[in-house]
2 protein chains.
Amino acid sequence: MLTERQALVLKVIIDEFIETAQPIGSRNIAKREDVAYSPATIRNDMADLEDEGFLSKTHSSSGRIPSEKGYRFYVDHMMSPLQLSSDEVRLVQSQFDDRMIEMEKVMQNSAHILSELTQYTTLVLGPEVYETKLKQLQIVPINKQSAIAILVTDTGHVEHRSFAVPSEIDHSDLEKVVNILNEKLVGVPIIYLDRMIETEVIDLINRYTSNFQKSYDLIQKALFNHQTTSLYVSGKSNILMQPEFNDIEKARSLFNVMESEDQIAPILKTNQEGLKISIGHENEMEVMNNCTLITATYTLGENQIGTIALLGPTRMEYAKAVSLLDLWSNHMSQSLYRWFND
Amino acid sequence: MLTERQALVLKVIIDEFIETAQPIGSRNIAKREDVAYSPATIRNDMADLEDEGFLSKTHSSSGRIPSEKGYRFYVDHMMSPLQLSSDEVRLVQSQFDDRMIEMEKVMQNSAHILSELTQYTTLVLGPEVYETKLKQLQIVPINKQSAIAILVTDTGHVEHRSFAVPSEIDHSDLEKVVNILNEKLVGVPIIYLDRMIETEVIDLINRYTSNFQKSYDLIQKALFNHQTTSLYVSGKSNILMQPEFNDIEKARSLFNVMESEDQIAPILKTNQEGLKISIGHENEMEVMNNCTLITATYTLGENQIGTIALLGPTRMEYAKAVSLLDLWSNHMSQSLYRWFND
DNA sequence: TGTTAGCACTCACCTTTAACGAGTGCTAAT
DNA sequence: ATTAGCACTCGTTAAAGGTGAGTGCTAACA
């Protein structure tokens, strides 16, 4: 398909373009030590590569820039895994050195560090509730008319929701309901809470007074009818650093998307195992058509429970991004495993 | 000091410039219905106003733009309070219509709504702990090595912190300590917690075993040694909409500041009662030299307990911003009062 | 004396023009 | 198959000229 020389030319162009964001000319390629051909020869290859769709020009006499197909080929066939610097490795590892006590902190910090290291935007989708189990329920009355329900999971996740308490309901009723719920539900995976309530708890509750049922309704609404996606976004403004977003309009529209959890979360919810690279128009969302999104999943045992992603321009340091995500998700998965088997 | 006509000219220029962001020329001012003078007359006044420092030019033959001194005069002496639209009023009020159950939610939503209405960035500094009192402490063991301490205040604020539990300490010890703490500390204002612990609790704790003391140390570290500033920022990317930030460098540096809580929080911690308007170089921070920050405090009874602020370009819709902040902070203060006297 | 008309002048902005140079494609020689 | 040579393209930059919104100043006016 591609001759060896053509492949070399393609690789050089992509590597250089990733670094400089400028179209690359034949003369400059020929000057490189690892290229032993004349500009003319390289021009011929470049013309072929363009015919095949791997390269394109910004205008008829410009140097070449990689097309999305070019990046795709690079990513699939010719990317050499980047040796991360020891500093970088250490920084990522340090997130997991200590015994992990609170997953949310870990993820927030991770997002921060990865966007520092890459200068891209990091998106972390928190552990899906899959394996996490209810550790404890708690009701704290605040005043006569309101109370706060607190739910703690075995990953250290704390969810709280406040709710109004009608005057006819006594706090002691609430307390009793919570006791029942705790008794029945502690240790139950969060995703089964609903089902368990249906089968195990409802009957029990129904034996009591109507006030009791109302109390239960309240708590139920406050805590269970609520799908929790925890999305951490870090380094949004890194986008502004990339020359492809010098056009402020593009930056604006991308910002709008990134600020809406609703739009981001579905993108990250992938079933693909391991890394997935979406280049330019491979992204469904239009504003991301000049972006690349690399997502990596992390697992607990066999189950994928969350996603981490880097969002940057299509001209992305793929090797570095991939290596970092790989490193991170491995560590994360290991730490999770340890956490749950302690 | 200023003749009536000069004042009119100044006001017109500022009003127009706030709307258009373009230098205003004498001819355009003369065309307005509320101005009955010829361009030449107005030019003379403009020259005077420039001599006095209220206006400046972008180049020698350009129209005039307001200087910071101009804005300052406008704000201090000639700003007519804007009649907010009923939609706007309703939107703000709706934040407080329902019985307030969780202050944090209210503030988050408020920040969101104010930045929607103004197209500026809203910063809310959460209620200082002043009057808030401890409602309940809770320890939830997560696994053998870790636990989560949860602190609930009477404002519905939930603070949680995880900590590692050394192997020699038993969870039952922790529980006992928490019981003691709850017994002694519930109802105590958060800011006095430290003092109360010193005087009332320490002695009690010391009577027990050393493990007991260690447990106490843990909890103490996890919950009390932690100053909590709750900062909500909304509409950061609105900054990008303002033409004065078309220069991407300026946007970048402002973003960097806004993303650092450490830098923003001190700015909002003002002692000034009511509204404070900081125009351009009146802001200490250099990146804000072409911004205006309007801060308003909200109170609980006599005490200021938090701040809300709008950050925009110096060319700000002052009247609207002031009216909105005023409206909001009044409602907020009233709601707080009701909350604590229920 | 305060206001206005008139006029020369300024300067950002736009368009045109020209020179430059990095780059290409093609052809012919090696 | 590779390369040297050369004409050609086109974005970029700088200079030059025209336009128009704006000014400052002066002299006339009410």
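The analysis underlying the following values was restricted to heavy atoms, covering all of them including side chains, and did not include hydrogens, waters or symmetry mates. Naming: A, B, ... by sequence-line order, numbering from 1 per chain.
- Checked against the 6.0 Å centroid criterion, the rings of B:Phe245 and B:Phe255 do not qualify as a close aromatic pair.
- Between B:Ser62 and B:Ala36, the one whose closest nucleotide on DNA chain C sits nearer the 5' end is B:Ala36.
- Remark: B:Tyr37, B:Ser38, B:Ala40, B:Thr41, B:Arg43, B:Asn44 in residues 37-55 of chain B come within less than 4.0 Å of DNA chain C through at least one heavy atom.
- Taking the nucleotide of DNA chain C with the nearest heavy atom to each of B:Arg5 and B:Thr58, the more 5' of the two is matched to B:Arg5.
- Residues B:Asn290 and B:Pro313 have side chains not in contact (no heavy-atom distance under 4.5 Å, counting atoms from C-beta outward).
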Evaluate ring pair (Phe, Tyr, Trp, His ring centres under 6.0 Å) for A:Tyr74 paired with A:Phe17, printing each intermediate quantity in order. CA-CA 12 Å; A:Tyr74 176 83; A:Phe17 185 74; over 10 Å; no
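- A donor-acceptor pair under 3.5 Å is absent between the side-chain atoms of B:Asp45 and the main chain of B:Val9, judged by distance alone.
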Check step by step if side-chain hydrogen bond (donor to acceptor under 3.5 Å, both in side chains) holds for B:Thr295 and B:Gln272. CA-CA 9 Å; B:Thr295 59; B:Gln272 179 122 9; over 6 Å; no
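- Rounded to whole Å, the distance from CD on A:Glu4 to P on D:dT2 is 12 Å.
- One N or O on the side chain of B:Tyr318 and one on the backbone of B:Thr314 form a donor-acceptor pair closer than 3.5 Å.
- No donor-acceptor distance shorter than 3.5 angstrom exists from the side chain of B:Thr41 to the backbone of B:Tyr37, with no hydrogens or angles considered.
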With side-chain hydrogen bond (donor to acceptor under 3.5 Å, both in side chains) as the test, would you mind laying out the steps for A:Ser110 and A:Tyr232 before giving the verdict? CA-CA 10 Å; A:Ser110 297; A:Tyr232 307 92; over 6 Å; no
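- When each of B:Lys31, B:Arg32, B:Arg64 is checked for a salt bridge (charged side-chain N to carboxylate O under 4.0 Å, His left out) with B:Glu16, only B:Arg32 meets the rule.
- For the pair A:Ser60 and D:dC10, the criterion of a side-chain N or O lying under 4.0 Å from OP1 or OP2 is met.
- Using a 4.5 Å heavy-atom threshold, the side chains of B:Ile308 and B:Leu125 count as separate.
- Five base pairs at each end of the helix from C:dT1-D:dA30 to C:dT30-D:dA1 define two local axes, and these are offset by 20° (rounded to 10°).
- In the 5' to 3' direction, nucleotides of DNA chain C lying under 4.0 Å from heavy atoms of chain B begin and end at C:dT3 to C:dA12.
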